[in-house]
Novice: 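Starting off with a structure, shown below.
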Protein chains: 2
Amino acid sequence: MSYTIGQVAQKMGLTAHTLRYYDKEGLLPFVRKSGSGQRVFSEEDLDWLVIIDCLKGTGMQLKDIKQYIDWCQEGNSTLRQRLEMFKKQKSRVEQQMSQLQQYMEKINYKIAWYTEAVANNSIDKAKQNKCLAAERARIFGQPGK
Amino acid sequence: MSYTIGQVAQKMGLTAHTLRYYDKEGLLPFVRKSGSGQRVFSEEDLDWLVIIDCLKGTGMQLKDIKQYIDWCQEGNSTLRQRLEMFKKQKSRVEQQMSQLQQYMEKINYKIAWYTEAVANNSIDKAKQNKCLAAERARIFGQPGK
DNA sequence: ATAAACTCTAGAGTTAACTCTAAGTCAAGA
DNA sequence: TCTTGACTTAGAGTTAACTCTAGAGTTTAT
C-alpha cells in the first residue's frame, strides 16, 4: 500500500506544504518519487514520520532531527550516536514531564483560588481563605521571602 | 524587598531584553518605575512572572497571556473568564502529559532497539529480535496495516 | 569624582517553522 | 476527452518570540 502526499498529510495531521518543506530540509530522503515526479509514501515512510513527529513533539529542532536522519542513512557506523541521541532525548522528556507536573500544581492552585473567588464574586474573600494561603505557600514559596 | 530588571532576569532564567519585551507587549502592567524611569520589581511582581512562565511553559501564546493579565487588571467582573481560562489550560496540560507519555514509549522502544543494534554492531540482528518486534507492534501499530 | 556596570527607549534584525503563491503538470471520474 | 482536484517546484511572505544595537542616562564601588 502506498500513499500520496495529501493522504499522508491527513494521516499525520500536517499539511502537504509542511511535508514538502520537511523534504526540502532533508528530513525525508527515503521518500520515493513516481516517474512523473510525484512523491510516493510507503508504509515504512509513515513509521519514519511517526519518529520525526515524536522528536519534534518532544522539542527537538528540525536541524537536529535531520542529523538523526542523516546518521540513519550512513549505516551501522552511527549506531552509537543514534543510541546516545535517544538517551539524551529521553532525559529531556523526563525533565519536561516533571516540569509539566509543577506547572499543573500552579494551575490547580489557580483553579481552586478562582473557584473560591467566583463563589464569593470577590477577590478579597479568596485572599482570606487560610487553606488556599497554605496551598499557595507550598507551591509558590514563602510569603516573606 | 525590590529587584532590578537584571536581578529578576537572573531569578527567572530570562534576559533583561526579554523582560522589557514582555513589558512592551503589555504583559507587565503591574511593574512600577522609579523616578528616573527604571523598572522596580516587587516580590508580588515575581509571582506574576511565575504565572506568566507557567502559562508560557504550557504552550500559551503571549497574546493570550496578555488577555489574562488584562482581565486581572479589570477586576472582579472577569473572575469567571479567568477561571475558565485556567480550566482550559489544565486540560491542555493533561493532553500534553499523555502525549509526552506516548512519545516516551516510542523513545524507550528506540533505546531498546539501538542498544540491541549496538551490542551486535548491526541493524539486521536487531530486526530479528522477536521481543523487540512485539514491542514495536504494540507501540507503532500492526506491521500489515 | 570618576569608572564600571547597569538601565532606559526606539527600532532594526534574527530565527525557526511554517505558509502561501504562481504557474504549470498529472490522475481519476463522467 | 474533458474537467476537477491533487500534485510539482521555486521562491516569497508570515508569525511568534525573541535578540540585539545605538546612544543616552543612572547607580554603585572605590
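Every chain is numbered from 1 and lettered A, B, ... according to where its sequence line falls, protein lines coming before strand lines.
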Novice: Under a 3.5 Å distance rule, please check whether A/Arg92 uses its side chain to pair with a backbone N or O of A/Gly59 as donor and acceptor.
Specialist: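 Flag set: sc A/Arg92 to bb A/Gly59 pair under 3.5 Å.
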
Novice: Write down the distance between OH (A/Tyr3) and P (C/dA27), rounded to a whole number of angstrom.
Specialist: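 Going from OH in A/Tyr3 over to P in C/dA27 covers 20 Å.
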
Novice: Donor-acceptor pair, distance only, cut-off 3.5 Å: does the side chain of A/Thr78 make one with the backbone of A/Glu74?
Specialist: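 Such a contact is absent between A/Thr78 side chain and A/Glu74 backbone.
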
Novice: Filter on salt bridge (Lys or Arg N to Asp or Glu O under 4.0 Å), then keep only pairs touching residues 50-72 of chain A, sequence neighbours left out; what's left?
Specialist: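 Sorted pair list: A/Lys66-A/Asp70.
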
Novice: Rounded to whole Å, please give me the gap between NE2 in A/His17 and P in C/dA22.
Specialist: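 In whole Å, C/dA22 P lies 12 Å from A/His17 NE2.
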
Novice: Angle class for the B/Trp48/B/Phe30 ring planes (parallel below 30°, perpendicular above 60°, tilted otherwise)?
Specialist: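 Aromatic pair B/Trp48/B/Phe30 classed parallel.
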
Novice: How would you list all residue pairs meeting salt bridge (Lys or Arg N to Asp or Glu O under 4.0 Å) that involve residues 13-29 of chain A, not counting sequence neighbours?
Specialist: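 Checked against salt bridge (Lys or Arg N to Asp or Glu O under 4.0 Å) - neighbours excluded - the pairs reaching residues 13-29 of chain A are A/Asp23-A/Arg39.
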
Novice: Given the rule in the side-chain hydrogen bond (donor to acceptor under 3.5 Å, both in side chains) test, do A/Tyr103 and B/Gln89 qualify, once you have shown the distances and angles that lead to the verdict?
Specialist: CA-CA 10 Å; A/Tyr103 287 143; B/Gln89 199 63 8; over 6 Å; no

Novice: Students should find this one: the first and last nucleotides of DNA chain D, 5' to 3', lying under 4.0 Å from a heavy atom of chain A. What are they?
Specialist: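 Contact span on the strand: D/dC7 to D/dG11.
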
Novice: If you look only at distance, which donor and acceptor atoms sit under 3.5 Å apart when one is on a side chain in residues 7-19 of chain A and the other is two or more places apart or in another chain?
Specialist:
from: A/Gln7; atom 1: OE1; to: A/Thr4; atom 2: N; distance (Å): 2.8
from: A/Thr15; atom 1: OG1; to: A/His17; atom 2: N; distance (Å): 3.4
from: A/Thr15; atom 1: OG1; to: A/Thr18; atom 2: N; distance (Å): 3.0
from: A/Thr15; atom 1: OG1; to: A/Thr18; atom 2: OG1; distance (Å): 2.9

Novice: What parts of residues 33-41 of chain A reach DNA chain C, counting only heavy atoms under 4.0 Å away?
Specialist: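 Residues of residues 33-41 of chain A under 4.0 Å from DNA chain C: A/Ser36, A/Gln38.
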
Novice: Show the numbers, then the answer: is there a salt bridge (charged side-chain N to carboxylate O under 4.0 Å, His left out) between A/Arg32 and A/Asp45?
Specialist: CA-CA 9 Å; A/Arg32 303 270 160 227; A/Asp45 296 346; over 6 Å; no

Novice: Do B/Thr58 and B/Gln96 get their side chains close enough for a donor-acceptor pair, meaning under 3.5 Å?
Specialist: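 Their side chains do not contain a donor-acceptor pair, so the 3.5 Å distance test is not met.
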
Novice: Mind listing the N/O atom pairs, protein and nucleotides 28-30 of chain C, below 3.5 Å?
Specialist:
none

Novice: Are B/Val40 and B/Ile52 connected, step by step, through hydrophobic side chains (Ile, Leu, Val, Met, Phe, Trp, Tyr) whose heavy atoms are closer than 4.5 Å?
Specialist: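 In one cluster with B/Val40: B/Ile52, no.
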
